[in-house]
S.K.: 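Sharing a structure below in structure tokens format, with a few things to ask.
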Amino acid sequence: QDVPPYTEDCRSGTYPPSGPTYQGNIPWYTVNLDQAPRERWQKIIADKKQPLTAMIQQIKDLVKFFFHGEKLIDLVDTKLPALLGNLPPPFDEEMKGIAEASGLPLGEVMLFNIFYEVFTV
Amino acid sequence: CTSVVAEDTSGKLIHARNMDFGLFLGWDVKNNSWMVTELLRPLAVNVNFQRNNKTVFLSTSFAGYVGMLTGLKPGVLTLTMNERFSLDGGYIGVLEWILGIRQGAWMSFLTRSVLENATSYDEAKTLLSKTVLLAPAYFILGGNKSGEACVITRSRQSCLDIWELDIQKGQWYVLETNYDHWKPPLPIDNRRAPAMKCLNRTTQKNISFATIYDMLSTKPVLNKLTTYTTLMSVSESKFEAYLRDCPHPCMPW
């Protein structure tokens with residue numbers, strides 16, 4: 001159907017995935033739960049640092065757009081990390097490790113992790 | 001999101017989901033796409049969580065995100081979470097948490113905790129239905145035996161409904177998008193009816209990874225927000241995940 005809502009008849013023969021709706025396989029990683037929480041995500045973050053930085057920049061841009069200015073992001077960077085200790089283990093330490101490995105401010109890593117909850121409005 | 005757990009005629013369960021995220025978070029006019037959705041795709045990773053060199057659970061996640069939205073615990077359960085939009089939404093829970101009222105659990109942390117620690121379908125169901133949350137949610141849970149599948153509809157404080165498979169009554173799948181299953185979906189966002197039409201046309205005897213992937217590839221079940229599709233089977237220890245795109249023309253949600 002070429003006008004909204006762009007419905008179509010039930011597809012068939014799409015598996016194994018190929019064609020324009022398939023963008024590739026998702027890469028596999030191992031996270032060792034025996035490691036210290038700060039170290040668990042380092043390999044993944046080393047590989048995904050650039051797209052993670054781009055994603056968080058986009059969230060910051062949206063926050064700035066919706067709230068007209070930098071003030072809220074300043075609060076995220078300065079005040080949110082102080083609340084990290086209230087998160088249950090091992091999530092607090094894992095986020096610290098992600099911030100260290102990515103070079104991103106801890107508050108912004110926290111913002112990314114709570115974004116799904118906030119978005120349920 | 002669209003999540004489904006279906007039981008084939010031999011009693012095996014297949015759990016699958018389309019992960020949709022990024023609605024209203026910046027529309028790229030030039031590329032006809034949601035900016036956040038596009039940026040999430042390269043962050044998608046499959047993670048094998050191990051302890052003592054043994055797999056504890058498998059998950060499709062996003063790099064930098066420590067909670068879980070999709071996962072399989074080998075031999076025990078499969079679990080996905082869909083967003084449930086509400087005025088009493090997660091932003092209130094997050095505000096309360098910032099202000100020091102902290103009895104609620106973060107949804108994706110709870111999901112990960114269940115995948116890591118639950119030892120049975122029933123234990124997972126109890127945890128997901130009784131834990132106080134920061135945000136409303138749908139938990140779609142599958143077990144390892146015939147009949148073990150349900151959709152748990154949660155408000156922040158309580159469990160509103162548990163909708164279970166009922167093979168005796170011909171209910172061989174449970175399917176959840178982002179609306180309470182006992183209410184009609186928003187007319188401009190009805191992915192439920194097309195998904196059910198495809199499953200009903202497939203019939204229980206033909207259900208498989210291939211036919212469920214077909215359903216999840218049908219517009220508008222597949223849409224501009226879809227980042228990945230995951231297919232899981234506890235009984236066959238299979239876990240597959242694929243990055244998705246919905247080239248124009250395609251519904252924005």
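In what follows, chains are A, B, ... by sequence order, proteins preceding strands, each numbered from 1. Here the structure is a predicted model, which means the values were calculated and not measured.
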S.K.: Please tell me if the side chains of Asn82(B) and Arg17(B) come closer than 4.5 Å, counting only heavy atoms from C-beta onward.
M.R.: yes
S.K.: Counting distance only, does the side-chain N/O of Tyr242(B) pair as donor-acceptor with the main-chain N or O of Leu231(B) below 3.5 Å?
M.R.: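 Not a single qualifying donor-acceptor pair exists.
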S.K.: Looking only at heavy atoms and a cut-off of under 4.5 Å, which of Leu39(B), Val94(B), Leu43(B) has the most pairs with chain A?
M.R.: Leu43(B)
S.K.: Applying the side-chain contact (heavy atoms from CB on, under 4.5 Å) criterion to Val47(B), which one of Thr30(A), Val31(A), Ile26(A) satisfies it?
M.R.: Val31(A)
S.K.: If you count heavy-atom pairs within less than 4.5 Å of chain B, which of Ala99(A), Ser102(A), Pro90(A), Gly13(A) leads?
M.R.: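 Looking at each of Ala99(A), Ser102(A), Pro90(A), Gly13(A) in turn, Gly13(A) comes out on top.
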S.K.: Does Arg38(A) come within less than 4.0 Å of Glu94(A), counting only side-chain N to carboxylate O?
M.R.: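 Looking at Arg38(A) and Glu94(A), the cut-off is not met.
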S.K.: Side chain, backbone, both or neither: which part of Arg102(B) has an atom under 4.5 Å from a heavy atom of chain A?
M.R.: side chain
S.K.: Please classify the contact of Val221(B) with chain A as side chain, backbone, both or neither, using a heavy-atom distance under 4.5 Å.
M.R.: neither
S.K.: When heavy-atom pairs shorter than 4.5 Å are enumerated against chain B, which of Asp61(A), Asn86(A), Val109(A) gives the highest number?
M.R.: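 If we count pairs closer than 4.5 Å to chain B, Asn86(A) comes out on top.
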S.K.: Which atoms of Asn190(B) are under 4.5 Å from chain A, going by heavy atoms: the side chain, the backbone, both sets, or neither?
M.R.: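 Nothing of Asn190(B), per the 4.5 Å heavy-atom cut-off to chain A.
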S.K.: Taking side chain as everything from C-beta outward and backbone as N, CA, C, O, which of these in Asp47(A) sits under 4.5 Å from a heavy atom of chain B? Side chain, backbone, both or neither.
M.R.: neither
S.K.: With no hydrogens and no angle check, is any side-chain donor or acceptor of Thr211(B) less than 3.5 Å from a backbone partner on Asn206(B)?
M.R.: yes
S.K.: Given that the side chain runs from C-beta out, which part of Leu87(A) has a heavy atom under 4.5 Å from chain B: side chain, backbone, both or neither?
M.R.: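 Its backbone and side chain both get close to chain B.
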S.K.: With respect to chain A, which residue among Ile188(B), Ile92(B), Leu69(B) yields the maximal number of heavy-atom pairs within a distance under 4.5 Å?
M.R.: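 Ranked by contacts with chain A, first place is Leu69(B).
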S.K.: Measure from NZ or CZ of Lys43(A) to the centre of the six-membered ring of Tyr29(A), then state whether that distance is under 6.0 Å and the direction lies within 45° of the axis.
M.R.: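 So Lys43(A) doesn't make the cation-pi contact.
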S.K.: Charged N to carboxylate O under 4.0 angstrom, Lys79(A) versus Asp74(A)?
M.R.: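 Salt bridge flag = no for Asp74(A) with Lys79(A).
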S.K.: Could you look at Leu83(A) and say if it's the side chain, the backbone, both or neither that has a heavy atom under 4.5 Å from chain B?
M.R.: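 Interface part for Leu83(A): both.
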S.K.: Of the backbone (N, CA, C, O) and the side chain (C-beta and beyond), which part of Leu62(A) lies under 4.5 Å from a heavy atom of chain B, both, or neither?
M.R.: side chain
S.K.: Looking at Cys250(B), is its backbone amide N or carbonyl O close enough to the side chain of Lys224(B) to form a donor-acceptor pair, meaning the two atoms are under 3.5 Å apart?
M.R.: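 Checking the backbone N and O of Cys250(B) against the side chain of Lys224(B), no donor-acceptor pair under 3.5 Å is found.
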S.K.: Is it the case that the side chain of Asp20(B) and the backbone of Thr227(B) share a donor-acceptor pair, with hydrogens and angles ignored and the cut-off at 3.5 Å?
M.R.: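 No; judged by distance alone, with no hydrogens or angles, the pair does not exist.
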S.K.: Does any heavy atom of chain A fall under 4.5 Å from the side chain of Pro42(B), the backbone, both, or neither of them?
M.R.: both
S.K.: Is Pro16(A) close to chain B through its backbone or its side chain, or both, or neither, when contacts mean heavy atoms under 4.5 Å?
M.R.: neither
S.K.: Evaluate the criterion salt bridge (Lys or Arg N to Asp or Glu O under 4.0 Å) for residue pair Arg156(B) and Asp88(B); output intermediate values, then yes/no.
M.R.: CA-CA 8 Å; Arg156(B) 294 198 300 122; Asp88(B) 183 18; 3.1 Å; yes
S.K.: What's the separation between atom OG in Ser33(B) and atom NE2 in His248(B), rounded to the nearest 0.5 Å?
M.R.: 11.0 Å
S.K.: Which answer fits Ile45(A), side chain, backbone, both or neither, if we ask what part of it has an atom under 4.5 Å from a heavy atom of chain B?
M.R.: side chain
S.K.: At a heavy-atom distance under 4.5 Å, which candidate from Tyr22(A), Phe112(A), Phe65(A) has the highest pair count against chain B?
M.R.: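 Max contact count across the listed options: Phe112(A).
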S.K.: Counting heavy-atom pairs under 4.5 Å with chain A, which one of Glu38(B), Glu116(B), Met215(B), Arg201(B) comes out on top?
M.R.: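 Most pairs with chain A among the choices: Arg201(B).
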S.K.: If I measure from the heavy atoms of chain B, does Trp41(A) come under 4.5 Å with its side chain, its backbone, both, or neither?
M.R.: side chain
S.K.: Where does Thr60(B) contact chain A at under 4.5 Å (heavy atoms): side chain, backbone, both or neither?
M.R.: side chain
